[in-house]
Amino acid sequence: MLQRDFSAVRRVAFFFGPEHRKLFGTFHFVDGATGTDSAILLCPSLGVEYMDPYRPLRYVADYHAMAGIPALRFDYHGTGDSSGLNDEADRLADWLRSIKLACQQLRDMSGCKKIIVFGFRFGGALATLVAQDLAIDGLILWAPVESGRQYLREIRALQMAALNQPDASGLLEAGGAVFVPATIAEIDKIKLCLCRPKANRILIIPRDDLPASDKLKLAWGQQGLAVDQVVYPGFANMMLEARFVQIPHAAIQKIVEWSCELAEARNVSRSFDLPFAAVVMTLPHFNSCADERPDTAGMIQESIIKYGPDNSRLGILSGPATPAKNTLPIVILANSGSNHRVGPNRLYVLFARALARKGYRCLRIDMDGLGDGAKADPESENIVYMDHSSDEIHLAIKSFGEHYKENKYILTGLCSGAYFAFRACLDLTDIDIVECHMINPLTFHWEAGMTIDDSPAVTYVNWYAYKKSIKNPASWLKLLTGRVSIKNLLTTIWNRLMILTTARIRALQNYKDKTPAKYEGKDLDKNLYCLAERNIHISFLLARDDAGYDVLMSMAGKTARKLQKRSKLSIQFIEKADHTFSRYTPRCQAINKLVEHFENKWGSNT
């Protein structure tokens with residue numbers, strides 16, 4: 001059994017690569033561990049296959065580090081925290097170039113001669129393409145995309161199955177991965193069985209939710225390559241929505257054992273001195289969503305911020321590259337669900353960089369147990385609605401130094417991030433918060449012991465779904481033929497009646513002389529009045545096809561309308577958008593409206 005002391009693993013986040021096109025990476029190692037002559041590079045997939053398995057791949061790196069094999073995770077150009085946009089041309093060439101740069105960076109940082117490359121899903125296809133030119137010692141492919149044409153068919157199927165159908169942009173996209181026509185043509189040509197990777201040894205791990213195919217193994221075996229193929233359990237549970245993802249510890253440990261067989265132990269303890277790990281990058285950024293061109297790009301700067309107990313929290317601070325007056329509020333973006341700091345569909349990165357163009361400083365954070373906010377106990381991670389979220393945001397705000405109280409702040413986030421922002425605005429009375437900006441919130445109240453499945457949010461989501469189904473004849477047919485749960489329908493209707501009744505009773509009361517000083521539990525009316533009386537502007541960015549507006553108006557509609565008349569509360573809608581703005585055009589509209597709102601409300605430095 002391999003070591004499982006995750007507290008021993010050091011994770012160093014940094015930027016690397018050419019100026020203005022830098023990539024984000026995280027180097028995993030254990031100081032003093034018995035070293036090997038091998039290191040491993042992890043190549044992620046794209047879109048939702050990048051977001052949901054993000055945490056499991058972090059464990060792949062951790063387990064290797066604990067076995068004496070230092071590991072490097074990274075984001076390709078135009079993805080994650082790296083520079084660039086994912087709707088640019090030459091994407092395939094840039095992704096392959098990113099892997100080559102990361103390989104060299106790993107050699108430099110680890111001092112290892114042997115390099116193992118690990119590729120997950122489409123990352124497996126990219127790793128194989130690179131290995132045709134770059135000799136490596138080991139190639140590990142977990143559920144690799146073997147055919148680019150088949151992969152494109154899967155993405156088109158996901159696109160057609162989405163809540164909202166493809167828009168006028170004409171782009172192929174699913175789960176935030178955007179493919180322009182030139183990139184589609186390049187991906188379509190990928191056939192791994194025709195490749196010949198320059199790897200001394202190869203491990204293929206097929207999916208465990210489909211019948212395993214040995215086509216790739218046979219094709220490479222006929223070329224004289226040393227190929228192992230083993231089915232390990234865990235893939236299906238890695239591909240669930242991020243909050244449900246389970247870490248396949250047994251499978252990862254088997255992979256590490258394979259890597260250790262390939263590596264040669266040095267039997268000496270190793271330490272790493274990383275003075276060249278850059279934590280600041282300057283990059284040109286233009287908002288393609290605003291019909292800008294690359295030649296209008298403005299320079300912005302991003303910094304890696306480590307803070308909190310033992311510097312265990314990670315944030316990325318975006319801001320203008322040149323010093324500007326610091327009178328603009330600082331924007332804090334809290335985690336959305338179990339997604340890490342880039343946000344669903346990379347939304348937070350695009351928000352932050354668009355605001356940085358306008359002179360704002362914007363901090364995207366990973367809170368305790370989310371994203372790269374790693375904990376020693378894996379079972380205590382991935383808790384979406386944590387009960388200490390306000391303390392986590394306070395830690396992030398304190399990272400601005402001893403004079404943090406002199407700044408003004410805007411707290412924002414999507415879904416659970418909206419709840420975190422709302423709760424912190426009520427709790428953190430010692431901070432000068434000027435705006436509470438909520439994107440598609442599904443709840444304004446959370447208690448210890450609640451779960452997402454039994455929370456009020458479920459009632460709103462179900463009610464909204466049933467309400468939309470009324471106009472659909474197919475939905476009535478399902479109801480009449482018993483394919484709809486009557487129990488769930490009646491429960492939703494009953495919960496809806498209780499919510500409306502409670503809200504109306506509260507609306508009849510006069511809170512003018514009883515405005516609370518802080519959070520008042522379930523009483524949204526009081527909480528909204530509390531923020532308004534403290535001169536914290538309350539704003540919402542809502543997808544028209546989401547339940548967020550219904551949540552607000554059913555719980556505190558009368559109060560919300562009063563505050564709108566007093567210019568204390570504002571609402572913006574995005575048409576034809578889903579909960580996470582997974583489609584390109586609505587996502588662009590959301591970014592542009594957010595930037596426009598902040599400029600009109602607080603100004604800009606442009």
Is there a side chain to side chain donor-acceptor pair (under 3.5 Å) between Asn335 and Tyr348? Walk through the geometry before answering.
CA-CA 9 Å; Asn335 292 92; Tyr348 283 12; over 6 Å; no

What verdict does the side chain to side chain contact (heavy atoms under 4.5 Å, CB included) test give for Asn345 and Glu173, after you've listed the backbone C-alpha separation in whole Å, the side-chain angles of each residue and the deciding distance to 0.1 Å?
CA-CA 10 Å; Asn345 310 303; Glu173 64 169 330; over 6 Å; no

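Under the 30°/60° scheme for interplanar angles, the aromatic rings of Phe122 and Tyr151 are found to lie parallel. By the 30° and 60° cut-offs, the orientation of the rings of Phe235 relative to Phe120 is tilted. The aromatic rings of Phe16 and Phe14 lie tilted to each other, with the angle between the two planes from 30° to 60°.
Judged purely by distance below 3.5 Å, without hydrogens or angles, the side chains of His340 and Asp366 never pair a donor atom with an acceptor atom. A side-chain N or O of Asp372 and one of Tyr54 form a donor-acceptor pair less than 3.5 Å apart.
Residues Arg341 and Asp81 are paired through a salt bridge, judged by an N-O separation under 4.0 Å between the basic side chain and the carboxylate.
For Val231, the side chain to side chain contact (heavy atoms under 4.5 Å, CB included) criterion is met by Pro206, Asp208, Ala212, not counting sequence neighbours. Applying the side-chain hydrogen bond (donor to acceptor under 3.5 Å, both in side chains) rule to Gln150 yields the partners Arg153; only residues at least two apart in sequence or on another chain are considered.
Residue Trp220 comes nearest to Leu192 through the heavy atom pair NE1-O, 3.1 Å, listed as atom of the first residue, atom of the second, then distance.
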Acceptor/donor pairs from residues 126-133 side chains to any protein atom, 3.5 angstrom cut, sequence neighbours excluded:
from	atom 1	to	atom 2	distance (Å)
Thr128	OG1	Gly124	O	2.8

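The only option from Arg243, Lys375, Arg55 that meets the salt bridge (Lys or Arg N to Asp or Glu O under 4.0 Å) definition with Glu381 turns out to be Arg55.
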